Amino acid sequence: MFIITSNDYIREDGRSFDQLRSLKIKSGVLKRADGSAYLEVGGNKILASVYGPRESFIRRLLKPNTGVIRCRYNMAPFSVDDRKRPGPDRRSTEISKITADALRPALLLEDYPMSMIDVSIEIIEAEGGTRCAGITAAAVALADAGIPMRDIVVGCAAGKVDGEIVLDLSEKEDKDGQSDVPIAILPRTNEVTLLQSDGKLTEEEFTKAIDLAIKGCHEISKIQKDALTAKMRDNS
Ligand code: UDP
């Protein structure tokens, strides 16, 4: 079904402006990780794993008064149309950093001095919005690892495409659109743990994009919790 609006803009996949792409999350998918999650949203396929809290051989990374979270976001060479050169680059280094920053406020790291939590996010197939989807998957993997948290962080983007503020941009919408605003929140309090923005938005459009992204986050949050409940049910 196509949604026709005032300026006749139709989303390429027929979604309404406030509609998420179809989303599936499964937790506890890896035997050797302490926690893990597999997530599919639109054409994205993402695997997140968590190891720790544990001691690290790299002693200089540890802190006497608090635990440390370290994230590694990695795009597989075959995950995108043009083969991605293997290994870290500027973009993956940035996303690894903002992912750790987005997840950290949920963790009670002060309870784990001299310990490291390692989070690995593997993008197996990418189709727009991988940073938010990676954060969402990583938060489920952290919960699956049994790590106590204030809340389960959730990420989602909204943006401007053909003059309309829309939720959860696909790769094509990201590339053709005028703006992309990825956010992550602690859903219980709506505390924002990630806020990025590219392109130009008026103040009114920016507020609309944030409100829409928060609405998306709350919908995704339910699916995160369902995934964790399903795993516990399977294990009982
Ligand atoms: N992308 C790509 N090659 C790259 C990096 C990204 O084809 O080397 C695609 C991929 O589908 C990604 C999208 O461009 O999801 C948008 O990338 P962006 O940097 O905006 O981050 P994301 O939206 O994935 O968080």
Side-chain angles (χ1 to χ4, degrees), residues 11-13 15 17-25 37-49 71-104 119-141 153-162 164-185 192-201 205-206 209-210 212-217 219-221 223-224:
R11 290 187 86 173
E12 43 132 15
D13 53 9
R15 276 185 292 151
F17 294 161
D18 64 351
Q19 194 177 348
L20 293 169
R21 290 174 288 181
S22 84
L23 170 65
K24 283 194 286 193
I25 307 177
Y38 174 70
L39 179 151
E40 286 185 9
V41 58
N44 291 309
K45 294 186 175 158
I46 297 174
L47 186 60
S49 56
C71 294
R72 176 179 172 273
Y73 165 103
N74 181 54
M75 252 183 168
F78 50 81
S79 67
V80 284
D81 285 339
D82 294 327
R83 178 183 176 276
K84 149 109 179 40
R85 198 174 159 190
D89 55 19
R90 221 181 128 101
R91 178 177 173 276
S92 63
T93 304
E94 175 225 324
I95 298 180
S96 299
K97 183 196 177 299
I98 59 108
T99 299
D101 291 346
L103 295 170
R104 196 178 295 106
V119 177
S120 161
I121 295 167
E122 295 293 327
I123 310 299
I124 302 163
E125 283 182 7
E127 199 251 329
T130 59
R131 72 192 64 209
C132 289
I135 289 167
T136 297
V140 174
V153 177
V154 55
C156 187
K160 185 173 168 185
V161 184
D162 258 18
E164 298 286 351
I165 301 299
V166 299
L167 184 62
D168 188 23
L169 279 65
S170 66
E171 181 181 294
K172 188 166 184 310
E173 288 177 323
D174 189 335
K175 294 207 164 116
D176 297 347
Q178 295 89 57
S179 180
D180 182 26
V181 183
I183 69 162
I185 61 166
V192 174
T193 66
L194 165 74
L195 173 57
Q196 296 189 296
S197 175
D198 68 8
K200 281 191 183 159
L201 291 174
E205 287 169 339
F206 181 73
I210 298 285
L212 196 53
I214 288 178
K215 174 185 132 19
C217 282
E219 285 177 38
I220 297 169
S221 174
I223 299 169
Q224 287 178 308

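Remember, predicted model here, so these are calculated numbers, not experimental data. For ligands, and for the atoms within them, numbers begin at 1 and follow the listed sequence.
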| remark: Short version for M75: what comes under 4.0 Å of ligand 1, heavy atoms counted, is side chain

| said: What I want to find out is whether R72 reaches E122 closely enough, with some N-O distance under 4.0 Å, to be called a salt bridge. | reply: yes

| atom 2 (C) of ligand 1 - nearest protein heavy atom and its distance | V80 CG1, 3.3 Å

| Identify the closest protein heavy atom to atom 15 (O) of ligand 1: which residue and atom is it, and at what distance? | G128 N, 2.8 Å

| query | Can you tell me the protein heavy atom closest to atom 16 (C) of ligand 1 and the distance? | reply | D174 OD2, 3.3 Å

| Quick one: CD1 on I135 to CG on L103, what's the gap to the nearest 0.5 Å? | 6.0 Å

| request: Heavy-atom contacts with A126 under 4.0 Å: which atoms of ligand 1 show up? List them by number with element. | output: 10 (C), 11 (O)

| task | Name the closest protein heavy atom to atom 17 (O) of ligand 1, giving the residue it belongs to and the distance to 0.1 Å. | result | R91 NH2, 3.5 Å

| message | Give me the nearest non-hydrogen protein atom to atom 23 (O) of ligand 1 as residue plus atom name, then the distance to 0.1 Å. | response | G129 N, 2.8 Å

| message | Counting only nitrogen or oxygen atoms and a 3.5 angstrom limit, does N44 reach ligand 1? | response | no

| Y38 and K45, any side-chain heavy atoms less than 4.5 Å apart | yes

| So which heavy atom in the protein is nearest atom 24 (O) of ligand 1, and how far is it from that ligand atom? | T130 OG1, 2.5 Å

| query | Any chance the side chains of E12 and S170 put a donor and an acceptor closer than 3.5 Å? | reply | yes

| query | Relative to ligand 1, is E171 under 4.0 angstrom through side chain, backbone, both or neither, heavy atoms considered? | reply | side chain

| query | If you measure from CG on D89 to CE on M75, what distance do you get to the nearest 0.5 Å? | reply | 9.0 Å

| Close approach of D81 to ligand 1, heavy atoms, under 4.0 angstrom | no

| Mind checking whether L20 and I220 have side chains closer than 4.5 Å, heavy atoms only? | yes

| field | Qualifying residue, where the test is side chain to side chain donor-acceptor pair (under 3.5 Å) with Y73 and the options are E94, K97, R91 | value | R91

| task | Just jot down the ligand 1 atoms closer than 4.0 angstrom to any heavy atom of K175, in number order. | result | 7 (O), 9 (C), 14 (O)

| field | Side chains of D180 and Q196 in contact at under 4.5 Å (non-hydrogen atoms) | value | no

